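Worksheet: the structure to be examined is printed underneath.
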Amino acid sequence: MSVHHYIDAFTRYLRSGDASAMGHFCENSDHIKRLAVYRNGFYKGCVDALAANFPVCQKLLGSESFRNVARLYVDLFPPQQGTLVGYGQSFPGFLADFMSQQGAAEPSLRSLLSLNAKASASLNLADIARLDYAWLTSLMSADSDKTLTAENATILMEQGHDLARARVRLNASVLLLSVGSGSLSEWISLKIPNNDEGAQNSESSAAGFVMFWRVQGAVQARALSLAEVALMQALQGEGKGRLLGEAFDAALEVDENFEVSDVFSACLQNELLDIEML
Amino acid sequence: MPQQTVVAGDHLGAGLGLKAEHLDDILALARSPKGGATSIGDDLWFEVHTENYFVAGGPRLHYLRAIRQNYDLSFHGVGGSLGSDHQSMPAHIKQVKALIDEFQPALVSEHAVWSRSGGQYFADLMPLPRTHDALQSLIDGIDCYQSGIGRSILIENPSNYLDFTSEMDEPEFLVEAARRSGCGLLIDINNLYISSKNTGIDAFAYLSKIPAELVGELHIAGHDPDPELGQSLLIDSHAAAVDLSVWALLEQALDLFGHRPVLVERDANIPPFAELLSERQTAQRYLDQWAGKKLSLSL
């Protein structure tokens with residue numbers, strides 16, 4: 001008996017539930033059904049990880065429906081790394097496909113996966129999942145030792161540096177994404193019930209651009225105006241970054257009334273920028 | 001072939017699995033006048049699942065750094081898949097090594113199982129058949145892991161729910177893996193108890209076959225009966241308090257192996273920190289009683 005044959009047979013069982021090839025490897029044929037403990041453990045671990053990584057999605061779908069949908073996802077996209085941290089990167093896309101196919105599904109499948117009324121009414125399930133994953137990604141992103149804070153901006157200016165000529169880029173925790181109208185306010189209302197501020201923020205962006213970032217260990221989310229989007233996109237990217245003055249010029253091209261001073265202060269306060277000269 | 005006596009972590013007493021729910025309680029304990037590692041716990045320590053810290057940054061690592069400032073840590077891997085799929089191990093081990101380099105854990109351990117195949121990770125701990133072929137695969141995996149992180153590890157006995165075709169018993173399999181790879185053994189007393197009930201082996205005879213010098217750590221945890229099959233199939237749930245039978249088996253293990261770090265594991269139905277700490281204090285008393293027995297025998 002080869003260990004490779006054993007693992008191949010076990011793998012087939014875990015993926016399909018077909019234990020026929022495992023008979024060769026079991027001492028007691030009456031005990032083959034006990035293999036289910038391992039298969040159940042596999043699915044439970046993956047589905048629990050998805051529930052943890054997509055909490056608002058689960059809230060919207062309801063626990064039972066979420067677990068049914070998540071189990072289908074595990075079948076199609078099992079984890080590939082030896083960790084479940086961050087598992088589910090393609091879950092939002094899977095949900096988008098799933099929702100578009102729901103109407104055409106067999107009645108029995110529709111029944112199995114029946115979504116609760118609130119989820120069925122939501123056109124934004126995939127967006128909700130993208131927002132969940134963006135929050136998680138920001139939470140786990142790299143720390144920075146080059147953050148441009150108000151304090152060190154003052155020091156740099158006192159030392160005679162022209163900050164408009166400084167190369168800056170967005171902190172690794174900053175994520176920009178575009179979602180459908182109303183998705184952010186729906187996500188915030190489920191994530192943080194009774195949070196009026198977040199809902200108001202989301203209404204200010206007709207285009208649906210959202211920014212996530214982490215400050216003092218806590219992830220924040222905010223809708224962006226088009227000029228703010230231009231600023232943030234100008235600051236995105238690898239390498240040494242963009243001249244700060246040029247980035248603000250990009251925002252001013254979109255909105256000539258853009259409040260450079262206020263937004264720069266907010267960037268410092270929220271630790272959005274990394275600077276190379278520090 | 002490497003031969004060694006496992007002594008790393010012999011200064012540790014009873015420890016607890018670190019749960020996110022308890023982070024603030026643990027840091028408060030560390031800050032309290034009697035809460036430092038030198039009073040409450042004499043030598044309280046915490047074990048983490050290494051892969052839970054495969055993150056680039058953020059609060060998860062910040063908390064772990066804060067806890068490391070006050071307590072010893074043990075890194076317990078659950079995704080290394082020592083028994084299979086060795087070609088994908090280097091990327092995994094690179095992340096483990098980065099964490100070890102930063103946190104300098106007192107103990108590093110993994111499982112004598114497989115969990116990856118064909119580029120897929122199955123997120124559970126599947127036992128290996130106890131064959132010479134599988135033994136070599138396990139040894140290759142341990143070699144890869146140990147050379148990748150630059151230190152020796154402990155490997156843990158699996159929970160067995162059924163018997164697979166084998167050419168040797170589990171103690172022989174594990175001892176041979178340890179002798180030939182230079183690793184030590186982490187004996188999970190709850191896994192052993194479960195295996196004994198599920199497959200009919202003699203737990204004490206099992207322990208008696210393990211050379212004490214190879215044992216670097218002991219685990220204890222709770223288990224549950226299978227929802228359908230009841231007591232005829234015990235599940236390694238880590239969702240309940242440690243069973244009296246497991247405490248009794250721990251006492252026998254300490255008599256055989258001597259003082260070893262003992263970890264209380266709890267991964268589901270997480271109780272308040274004080275309740276888990278109390279269970280950990282019970283484990284510490286078992287260690288203290290063993291020390292008392294040893295003292296009285298030597299007088």
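Numbered from 1 within each chain, the chains take letters A, B, ... in sequence-line order. Side chains included, hydrogens not; waters and symmetry mates left out as well; all remaining heavy atoms used. Owing to the predicted nature of the structure, the values given are computational and were not obtained by experimental measurement.
- Crowding of A:Lys44 atom NZ: a count of heavy atoms from other residues, nucleotides or ligands under 6.0 Å not exceeding 12.
- Summarising the geometry, atom OG1 belonging to A:Thr83 is positioned 11.5 Å from atom NE2 belonging to B:His49; distances are rounded to the nearest 0.5 Å.
- For chain B, the nearby parts of A:Ser2 are the backbone and the side chain; heavy atoms of each come within less than 4.5 Å.
- More than 12 heavy-atom neighbours from other residues, nucleotides or ligands sit within 6.0 angstrom of CD on B:Gln120.
- Residues A:Gly82 and B:His92 share a closest heavy-atom pair of O-CE1, 3.3 Å.
- Between A:Cys26 and B:Thr165, the shortest heavy-atom contact is N-OG1, 4.0 Å.
- Side-chain atoms of B:Asp124 and A:Leu14, non-hydrogen and from C-beta on, never get closer than 4.5 Å to each other.
- In terms of heavy-atom pairs under 4.5 Å with chain B, the best-connected choice from A:Pro78, A:Gly41, A:Ser141, A:Gly45 is A:Ser141.
- Contacts between A:Gln80 and chain B at a heavy-atom distance below 4.5 Å involve backbone atoms as well as side-chain atoms.
- In terms of heavy-atom proximity, B:Ala56 sits nearest to A:Ala142 at CB-N, 3.5 Å.
- Put simply, of A:Leu84, A:Val219, A:Val74, the one with the most heavy-atom pairs under 4.5 Å next to chain B is A:Leu84.
- For chain B, the nearby part of A:Val85 is the side chain; its heavy atoms alone come within less than 4.5 Å.
- Few gaps surround CD on B:Glu21; more than 12 heavy atoms of other groups in view lie less than 6.0 Å from it.
- Going from atom NE2 of B:His62 over to atom CD of A:Gln216 covers 10.0 Å, rounded to the nearest 0.5 Å.
- Among all heavy-atom pairs drawn from A:Arg214 and B:Pro59, the shortest one is CD-CD, 4.0 Å.
- At a 4.5 Å heavy-atom cutoff, the contact between A:Tyr6 and chain B is made by side-chain atoms alone.
- Using cut-offs of 30° and 60° on the angle between ring planes, the pair A:Phe10 and B:Phe164 is tilted.
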- Would B:Phe122 and A:Tyr38 count as a ring pair (Phe, Tyr, Trp, His ring centres under 6.0 Å) if you check the C-alpha gap in whole Å, the side-chain angles of each, and the deciding distance to 0.1 Å? CA-CA 9 Å; B:Phe122 290 103; A:Tyr38 301 107; over 10 Å; no
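- Residue contact with chain A, scored on non-hydrogen atoms closer than 4.5 Å, involves the backbone of B:Ser159 exclusively.
- Here B:Met126 contributes atom CE and A:Arg39 contributes atom CZ; the two are 12.0 Å apart, rounded to the nearest 0.5 Å.
- Atoms CD and NZ, from B:Glu228 and A:Lys33 in turn, are 8.5 Å apart once rounded to the nearest 0.5 Å.
- Counting non-hydrogen atoms of other residues, nucleotides and ligands closer than 6.0 Å to NZ of B:Lys197 gives a total of 12 or fewer.
- Of the two parts of B:Asn198, the backbone and the side chain both hold a non-hydrogen atom closer than 4.5 Å to a non-hydrogen atom of chain A.
- For A:Val37 against B:Tyr161, the heavy-atom pair with the smallest separation is CG1-CE1, 3.5 Å.
- In this structure, no portion of B:Leu61 lies under 4.5 Å from any heavy atom of chain A.
- Annotation: maximal heavy-atom pairing with chain A below 4.5 Å, among B:Gly77, B:Ser84, B:Ser115, B:Ser117, occurs at B:Ser117.
- The NE2 atom of A:His31 sits 9.0 Å away from the CG atom of B:Leu229 when rounded to the nearest 0.5 Å.
- Taking a 6.0 Å sphere around NE2 of A:His5, one finds it holds 12 or fewer heavy atoms contributed by other residues, nucleotides or ligands.
- Using a 4.5 Å cut-off between heavy atoms, B:Ser81 makes no contact with chain A at all.
- A pairwise comparison of heavy atoms in A:Asp143 and B:Gly58 identifies OD1-N, 3.0 Å as the closest pair.
- Contact annotation: the side chain of A:Leu35 approaches that of B:Leu162 to within less than 4.5 Å [non-hydrogen atoms, C-beta and beyond].
- Side-chain contact between A:Thr11 and B:Trp114 is present, with heavy atoms from C-beta onward closer than 4.5 Å.
- Heavy atoms from other residues, nucleotides or ligands lying under 6.0 Å from CD of B:Gln87 number more than 12.
- Distance CG/B:Asp267 to CG/A:Asp48: 11.5 Å, rounded to 0.5 Å.
- Note on B:Gly119, B:Pro129, B:Gly79, B:Ala123: by heavy-atom pairs under 4.5 Å with chain A, the leading option is B:Pro129.
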